[in-house]
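Numbers for residues simply follow the sequence, beginning at 1. All values below were derived from every heavy atom in this structure, side-chain atoms included, with hydrogens, water molecules and symmetry-related copies excluded.
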Amino acid sequence: MVRTMSLLRALISTARMVRHTPRLADGLPPDDAVLLDAPDGELGPALVAAALGDHEPAAKLLATTRGAAEWENRDRYVVRLAAFAYSRPDWLAGWLAASPRDPDALLVKAELEVRRAWESPASVERLREVGPLIHAAAEADTRDPVPWRLALDHARGTHATHTAFEALWEQAVRRSSHHYGCHVAALQYLSAVWHGSHRECFDFAERAAEDSLPGSLVQALPVRAALTLLLAGAVSAVQADRIDAAADRAARLSARYRSGDPWPAEVRNLLVYVLIARGRWDEALDQFRAIGPYATSFPWNRVTDDPLGQFLEARDGVRIEVASSTPIRGGRRTRSTGTAVAGQGRAAGRAVPGDHYA
């Protein structure tokens, strides 16, 4: 009788999936239309020109962000341009040769060297060596908070004291009180992996979110703290409540942006990861629809070397979980107790503390 009931449950689940999974693809772009870390309409042309050895569009783009105090865009663009220069250093060398004191070129150079230092086996020593580059970028435009985000990352890697870190933090928020990248850097410093604890990390994230505007990306800081906690392993009941509250806050932030908007894509990818970890399948499917074609490496690179493949597997897994708990004909919806999608169980062993950018 027990075997018969188990078989019956399996048959019903399969029937639900067959019936509902195709319908649940509504609003989801096909796999081959999903892009990983796609640049926006401003950055894309600069990267194309950079591939041809031309630094002028990138220089103009960053100068525009600096002139308009678009610090969030500036931070994102600097990270992406430095990533390009990582594999094409001659492009940046040509820019610096033409304009050795350009604040934008100096900032990309500092970002690049900090990234290289983080990846070195002797990361602490290498980070100390690049300190003067960060200082030069900060001096080149004293209004810019982005060099101070780099300084915060640098301080974490060189094991700066809390007092030294707080001094840098004061300089960062003086320039932009709600800059997301600087807040992420501080959150990483306060994490249990580095120089704080899970409680300090979550407390900081929640206070920062409460002090920020409703549409600010800082509203997603608690769900980033939630990811750090989930990657660490077992979660207590109290911690689970904080994680769910963080996900609720991030969902409200997501709802302020249109579906398919690339700007909140990373926040939405992060949110969907946490929703999956909490078994909140319907909400996760809603977020996949809001993400549209914009997959981001973070947070999927925490569990795999193939973030795009993991994103697509997770999306399929969520569809199956939702379908398997949908009644065949009407009736009350049942809550799925299925396992997490592929890769979720490996998360605790795949934290990458150096991969910390917003």
Less than 4.0 angstrom from a charged side-chain N to a carboxylate O is my criterion; do Arg115 and Glu111 meet it? no
Test item: Ser324 side-chain N/O and Glu321 main-chain N/O as donor-acceptor pair under 3.5 Å: yes
Are Asp40 and Arg80 close enough, and set up right, to give a salt bridge (Lys or Arg N to Asp or Glu O under 4.0 Å), and what steps lead you there? CA-CA 11 Å; Asp40 66 18; Arg80 293 297 300 275; over 6 Å; no
Would Gln310 and Asn301 count as a side-chain contact (heavy atoms from CB on, under 4.5 Å) here? Give the steps. CA-CA 8 Å; Gln310 186 65 63; Asn301 57 8; over 6 Å; no
Can you check whether Leu213's main-chain N or O pairs, donor with acceptor, with Ser216's side chain at less than 3.5 Å? no
Asp261/Arg268 salt bridge by N-O under 4.0 Å criterion: no
Closest contact, heavy atoms only, Ala185 versus Leu152: CB-CB, 3.7 Å
Verify whether one side chain among Asn73 and Thr65 offers a donor that lies under 3.5 Å from an acceptor in the other. no
Heavy atoms of other groups near Arg143 CZ, more than 12 under 6.0 Å: yes
Quick one, Tyr86 and Leu81 - any side-chain contact, counting heavy atoms below 4.5 Å? no
Atom OG of Ser297 and atom CG of Asp305: how far apart are they, to the nearest 0.5 Å? 11.0 Å
CG (Leu52) and CH2 (Trp91) are apart, to the nearest 0.5 Å, by 12.0 Å
For the residue pair Arg174 and Trp148, would you count it as a cation-pi contact if the rule is NZ or CZ under 6.0 angstrom from the ring centre and within 45 degrees of the ring axis? no
Residues Glu206, Arg242: salt bridge by 4.0 Å N-O rule: yes
Under 3.5 Å, is there a donor on one side chain and an acceptor on the other for Tyr273 and Gln287? no
Ion pair check, Arg315 and Asp31, cut-off under 4.0 Å: yes
ILVMFWY cluster, Tyr294 and Leu270 together (side-chain gap under 4.5 Å): no
Looking at Arg76 and Pro262, what are the two nearest heavy atoms and their distance? NH1-O, 4.1 Å
Contact summary for His183 and Phe204, nearest pair of heavy atoms: O-CE2, 3.6 Å
Inter-residue atom distance Ile243.CD1 - Leu275.CG, 0.5 Å rounding: 11.5 Å
Taking Leu221 as the starting point, is it possible to reach Leu190 by hopping between hydrophobic residues whose side chains are less than 4.5 Å apart? yes
Side chain to side chain, Arg280 and Asp244, heavy atoms closer than 4.5 Å: yes
Would you please say whether a donor-acceptor pair under 3.5 Å links the side chains of Arg156 and Gln188? no
Counting only N and O atoms by type, is there a donor-acceptor contact under 3.5 Å from the side chain of Ser120 to the main-chain atoms of Ala122? yes
Any Lys/Arg nitrogen of Arg74 or Asp141 sitting under 4.0 Å from an Asp/Glu carboxylate oxygen of the other? no
Pro57 to Ala46 - nearest heavy-atom pair and separation: CB-CA, 4.0 Å
How long is the gap from CG on Asn269 to OG1 on Thr296, to the nearest 0.5 Å? 3.0 Å
Could you go through Val108 and Trp95, starting from their C-alpha distance and side-chain angles, then the distance that decides it, and tell me whether this counts as side-chain contact (heavy atoms from CB on, under 4.5 Å)? CA-CA 10 Å; Val108 174; Trp95 184 0; 4.2 Å; yes
Does His154 reach the main-chain N or O of Leu127 with its side chain, forming a donor-acceptor pair under 3.5 Å? yes
Is there side-chain contact between Tyr257 and Val267, with at least one heavy-atom pair below 4.5 Å? no
Determine, using the 4.5 Å side-chain heavy-atom cutoff (strictly less than), whether Tyr180 and Trp263 are members of one ILVMFWY cluster. yes
Correct closest heavy-atom pair for Phe165 and Ala155 would be CD1-CB, 3.9 Å
Start with the C-alpha gap between Glu200 and His195, add the side-chain angles, then the distance that decides, and say whether side-chain contact (heavy atoms from CB on, under 4.5 Å) holds. CA-CA 10 Å; Glu200 286 179 287; His195 307 292; over 6 Å; no
Within the 4.5 Å heavy-atom criterion, are Leu28 and Leu285 side-chain neighbours or not? yes
Taking it one step at a time, do Leu133 and Leu106 satisfy side-chain contact (heavy atoms from CB on, under 4.5 Å)? CA-CA 7 Å; Leu133 292 175; Leu106 290 173; over 6 Å; no
For Phe298, does the six-membered ring have the charged nitrogen or CZ of Arg224 within the cation-pi criterion, i.e. under 6.0 angstrom from the centroid and within 45° of the normal? yes
With a 4.5 Å heavy-atom cut-off, do Thr228 and Phe202 have their side chains touching? no
Check this for me: His159, atom NE2, are more than 12 non-hydrogen atoms of other residues, nucleotides or ligands nearer than 6.0 Å? yes
Do Arg116 and Pro89 touch side chain to side chain, with heavy atoms closer than 4.5 Å? yes
Side-chain contact, heavy-atom cut-off 4.5 Å: Leu96 with Leu92? yes
Answer yes or no: is there an ion pair linking Lys109 with Glu113, defined by an N-O contact shorter than 4.0 Å? yes
Regarding Glu42 and Lys60, does a basic nitrogen lie under 4.0 Å from an acidic carboxylate oxygen? no
Assess, by modelled atom type and distance only, whether the side chains of Ser236 and Gln239 contain a donor and an acceptor separated by less than 3.5 Å. yes
How are the rings of Trp300 and Phe288 set to each other: parallel, tilted or perpendicular (split at 30° and 60°)? parallel
Side chains of Trp71 and Asp144: do they bring a donor and an acceptor to under 3.5 Å? no
If you measure from CG on Leu168 to OG1 on Thr163, what distance do you get to the nearest 0.5 Å? 11.0 Å
Given 3.5 Å as the limit, does a donor-acceptor pair link the side chain of Asp54 with the main chain of Ala50, or not? no
To the nearest 0.5 Å, tell me how far Thr158 OG1 sits from Glu129 CD. 12.5 Å
For Arg149, is there an ion pair with Asp75 - N to carboxylate O distance below 4.0 angstrom? yes
Considering the options Asp102, Val78, Leu107, which one meets the side-chain contact (heavy atoms from CB on, under 4.5 Å) requirement together with Leu62? Val78
Candidate list Tyr189, Trp169, Trp194, test ring pair (Phe, Tyr, Trp, His ring centres under 6.0 Å), partner His162, passing option: Tyr189
With clusters defined by side-chain heavy atoms of hydrophobic residues (ILVMFWY) lying less than 4.5 Å apart, directly or transitively, does Leu35 cluster with Leu43? no
Can you name the one residue among Gln219, His178, Arg207 that meets side chain to side chain donor-acceptor pair (under 3.5 Å) with Ser212? Gln219
Val272 and Ile291 have their tightest heavy-atom pair at CG1-CD1, 4.2 Å
With distance as the sole test, does Thr304 use its side chain to make a donor-acceptor pair with the main-chain N or O of Pro307 at under 3.5 Å? no
Take atom CD of Glu70 as the centre, draw a 6.0 Å sphere, and report whether it contains more than 12 heavy atoms from other residues, nucleotides or ligands. yes
